[in-house]
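See below for the structure under consideration.
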Amino acid sequence: MVCGCSVLLPLPDPSRAIMPAPPSFYANPSSTSRWIPRQPRPVAWAFIRKTSALLWLLLLGTSLSPTWGQAKIPLETVKLWADTFGEDLYNTVTKYSGSLLLQKKYKDVEPSLKIEEVDGLELVRKFSEDMETMLRRKVEAVQNLVEAAEEADLNHEFNESLVFDYYNSVLINERDANGNFVELGAEFLLESNAHFSNLPVNTSISSVQLPTNVYNKDPDILNGVYMSEALNAVFVENFQRDPTLTWQYFGSATGFFRIYPGILVQADRDNREHFKLLVEELMVKGVGVVDQALREAFEILKQFQEAKQGSLCNQAIMLISDGAVEDYQPVFEKYNWPDCKISTLADTQENVMEYLHVLSRPMVINHDHDIIWTEAYMDSKLLSSQTQSLTLLTTVAMPVFSKKNETRSHGILLGVVGSDVALRELMKLAPRYRLGVHGYAFLNTNNGYILSHPDLRPLYREGKKLKPKPNYNSVDLSEVEWEDQAESKRVLFLTNDYFFTDISDTPFSLGVVLSRGHGEYILLGNTSVEEGLHDLLHPDLALASDWIYCITDIDPDHRKLSQLEAMVRFLTREDPDLECDEELVREVLFDAVVTAPMEAYWTALALNISEESEQVVDMAFLGTRAGLLRSSLFVGSEKVSDRKFLTPEDEASVFTLDRFPLWYRQASEHPAGSFVFNLRWEEGPESAGEPMVVTASTAVAVTVDKKTAIAAAVGVQMKLEFLQRKFWAATRQCSTGDMPCTQSCEDSDLDCFVVDNNGFILISERSQEPGIKLRKKPIQTS
């Protein structure tokens, strides 16, 4: 399925700049709230050559006539300032970025390039098939656990007096006052494992976790734990067969939880205290009218049963309350007799489990092992340390039933087995480089909720902590793709095509979004391995750490390799067991060769900079469509204005699993050769500090057979102070020859701004204004 529509994204759109209308001003002559419209003040503007910026002059002097023809600064002067500043700025960023050289290098190889049109339907089908294969392996692992658990139970004889020690997740490695291991807390080897989010685990055995209100030596618990020991071998075998598996587990109906790999489980004091505070704040208010609610629930259930709607398996109504203030026997006599009432915590397990056995009885008799996939949910173990994209999981689970002849007709549910699937790993099967600069992939559930999407933000920050948003896993596509009305964001108009398909044997569907224009094409180059390897090993080169050039998470010997190290081993045939994306590797080699001269160019510039000369640019950088990144410093590392830039700490500036860098995306929608400017804050744009740094970037395009594709983007980082000095120097000129200028931007009755095409201030004489949107606002008067 495919559809096309226009979307509004929170990015600048310098290539489609529209001249802003002069702002209107309103004066407040008194302390009243009535606003009186007045004539707009004289303004002048001019585009700054080869940039996305605009020079805007605002005349504020009250003695000035609002008639434009009477303004004291001629339009020619404003244009002169813009041309002078623009030319100086353009020459600076062009020189230090080396953009003309890089454009020439790609132009030189155009005859050897191919630009192919992307088939969105074929792409989404290919991604879907790869995801189906991956998810099928997870299902097979869970089925292995089901078979092993049911077979172990079949061969197990219940022993009321069974004595058995096991690894309790809460007690392992715990010692008493005498230094001896406590009961059920024997020595348990734990090692940090990158595959399990760097948590300390034991991949040779599982551990058992119990709720605090369950006695750990209860006969039912001991027999269940003893029986489920048979799963250890299957856990290990599953993981060896499919090393992309994460957590595997068995949740027993008797109340224990066996998890692989074995892990130490510790209560989080912050979570406990937070829960206590929430409970203490609860207030009882009134009495619920449960009788009416039950009657309505039974009527709805009856209608669904008669119409054969909703779930076609077992159906039930469950009411959970802290106590009943009335007897509901008349309701149950009419709709469902006998009733089930649980009045104490001790009754819960016995009564609820009895009903679970009743509900599961048809599935046991018919040998139905339904495969259940969950909605997206948060991995709570990662909340304190990981980014949003690393925390979402889905789980595949299956029920485990007793196959003993004497209990078969009773439908005994032994528990549930399952395994987690990190959605991040699933989305790696939709390679970023195949989707273009603005393209992306997303997953939906059969309920229409987002499972994974680049713009899904399930967490919010409270102080230094990340916390889940309410209903983060019940968000639909419209909620993440609707126009963002926030005034603090820049916008970019794109026309996107959406391609959909289902992922067979799962309740999930896959969507692929390709933007028209650059997103319709993919650039293909080629070079020799020898030449590419030579240029790949330059010290200024890095690869997108989140992209999969080579598969390094299966073989334990490969997990310590960076993507660049793995690629070198693959190309030199040093490790024949490595599997790599040959198309992506080929494009990286090609880009490494084409961009290699940039290192020498930047080095020569740096050597010609004396210590006494003005600090102009901190660094130059470039990125290519294959995730290759080069950078070079023109100052000592201790003098770099923004040290987070181009580091994993600053996700917006690097290639990630979800996005191209912001400076790359901005440049790609601007004419090749023209620069886009972006302010950067030391602690982010929402901090209280002032912007300190400016990045300028431009796209490098290639054209083959009248088809154009973006090959790379290149840019520089410089101090905002440098731009300001250049601008104020340019505005001291005037168009009257040798005659003195009647006015300049240094005059008190004149405000001068440099704004981008979205109306955000880049330069102002007031240090707090850069980064703020120039908008209609009242002028306060006394």
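As the structure is a computational prediction, the values presented were derived from the model and not from experiment. Along the sequence shown, residues carry numbers from 1.
Contacts of Pro648 classified as side chain to side chain contact (heavy atoms under 4.5 Å, CB included), with partners at least two apart in sequence or in another chain: none. Residues satisfying the ring pair (Phe, Tyr, Trp, His ring centres under 6.0 Å) criterion with Phe590, sequence neighbours excluded, are absent altogether. Legend: residues meeting ring pair (Phe, Tyr, Trp, His ring centres under 6.0 Å) with His195, ordered by chain and number and at least two apart, are Phe239.
Remark: His438 NE2 to His518 NE2 distance equals 6.5 Å, nearest 0.5 Å. Here Gln563 contributes atom CD and Asp546 contributes atom CG; the two are 9.5 Å apart, rounded to the nearest 0.5 Å. With rounding to the nearest 0.5 Å, the separation of CD1 in Ile761 from CZ in Phe753 is 5.0 Å. In this structure, the separation between OH on Tyr440 and CG on Leu514 is 10.0 Å, given to the nearest 0.5 Å. Glu565 contributes atom CD, which lies 11.0 Å from atom CG of Leu578 (distance to the nearest 0.5 angstrom). One distance of note links CD of Glu116 with CD1 of Ile522; it measures 7.5 Å at 0.5 Å rounding.
Around NZ of Lys719, the count of heavy atoms belonging to other residues, nucleotides or ligands within 6.0 Å exceeds 12. Around the CD atom of Glu765, the shell of radius 6.0 Å holds more than 12 heavy atoms that belong to other residues, nucleotides or ligands. Under a cut-off of 6.0 angstrom, the local environment of NZ in Lys114 is sparse, with at most 12 non-hydrogen atoms contributed by other residues, nucleotides or ligands.
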Legend entry - Steps toward salt bridge (charged side-chain N to carboxylate O under 4.0 Å, His left out) verdict (Lys428, Asp130): CA-CA 10 Å; Lys428 286 180 180 179; Asp130 292 343; over 6 Å; no
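Looking only at distances, no side-chain donor or acceptor of Asp88 sits under 3.5 Å from a matching main-chain atom of Thr84. Within the 3.5 Å criterion, the main-chain N or O of Arg766 finds a donor-acceptor partner in the side chain of Ser764. Side-chain N or O atoms of Thr647 include one that pairs as donor or acceptor with a backbone N or O of Lys644 at under 3.5 Å. Checking side-chain atoms of Tyr549 against main-chain N and O of Val588 turns up no donor-acceptor pair under 3.5 Å. A donor-acceptor contact shorter than 3.5 Å links the side chain of Ser653 to the backbone of Leu646.
Counting all heavy atoms, side chain and backbone alike, Ala713 lies closest to Ala667 at CB-CB, 4.4 Å. Across all non-hydrogen atoms, the minimal contact from Ser97 to Phe675 is OG-CZ, 3.7 Å. The two residues Pro458 and Met378 make their nearest non-hydrogen contact at CB-CE, 3.7 Å.
Counting heavy atoms from C-beta on, the side chains of Pro431 and Phe127 come closer than 4.5 Å. With a 4.5 Å cut-off on side-chain heavy atoms, Val676 and Glu669 do not count as touching. Residues Leu435 and Leu123 meet the side-chain proximity criterion, which asks for heavy atoms closer than 4.5 Å. Side-chain contact check for Val616 versus Thr92: some heavy-atom pair is nearer than 4.5 Å. You'll find the side chain of Leu392 stays beyond 4.5 Å of the side chain of Arg424, heavy atoms only. Put simply, the side chain of Leu89 reaches to within 4.5 Å of the side chain of Phe677, judged on heavy atoms.
Each of Arg625, Arg586, Lys105 was compared with Asp591 under the salt bridge (Lys or Arg N to Asp or Glu O under 4.0 Å) criterion, and only Arg625 meets it. Evaluated for a side-chain contact (heavy atoms from CB on, under 4.5 Å) with Leu536, the options Val529, Leu564, Val585 yield exactly one hit, Leu564. Checking Thr624, Leu523, Leu584 one by one against Tyr433, the side-chain contact (heavy atoms from CB on, under 4.5 Å) holds for a single residue, Leu584. Checking each of Leu102, Asp108, Leu100 against Lys104 for a side-chain contact (heavy atoms from CB on, under 4.5 Å) leaves exactly one that passes, namely Asp108.
The distance between the ring centers of Phe645 and Phe621 falls below 6.0 angstrom.
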Name the atoms and distances for all side-chain donor-acceptor pairs under 3.5 Å in residues 632-640, with sequence neighbours left out.
none

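Ring geometry for Phe442 against His453 counts as tilted: the plane angle lies between 30° and 60°, on a 0 to 90° scale.
A salt bridge links Glu721 with Arg725: the distance from a Lys NZ or Arg NE/NH1/NH2 to an Asp or Glu carboxylate oxygen falls below 4.0 Å. Taking the charged nitrogens against the carboxylate oxygens, Arg643 and Asp618 have no contact shorter than 4.0 Å, which rules out a salt bridge.
Identified under the side chain to side chain donor-acceptor pair (under 3.5 Å) test for residues 528-543, with sequence neighbours left out: Thr527-Glu531, His538-Glu599, Asp540-Arg630. Listed by first then second residue, pairs satisfying disulfide (SG to SG under 2.5 Å) with a partner in residues 525-560 read Cys550-Cys580, not counting sequence neighbours.
Arg432 forms no cation-pi arrangement with Phe660, by the criterion of a distance under 6.0 Å to the ring centre and an angle within 45° of the ring axis.
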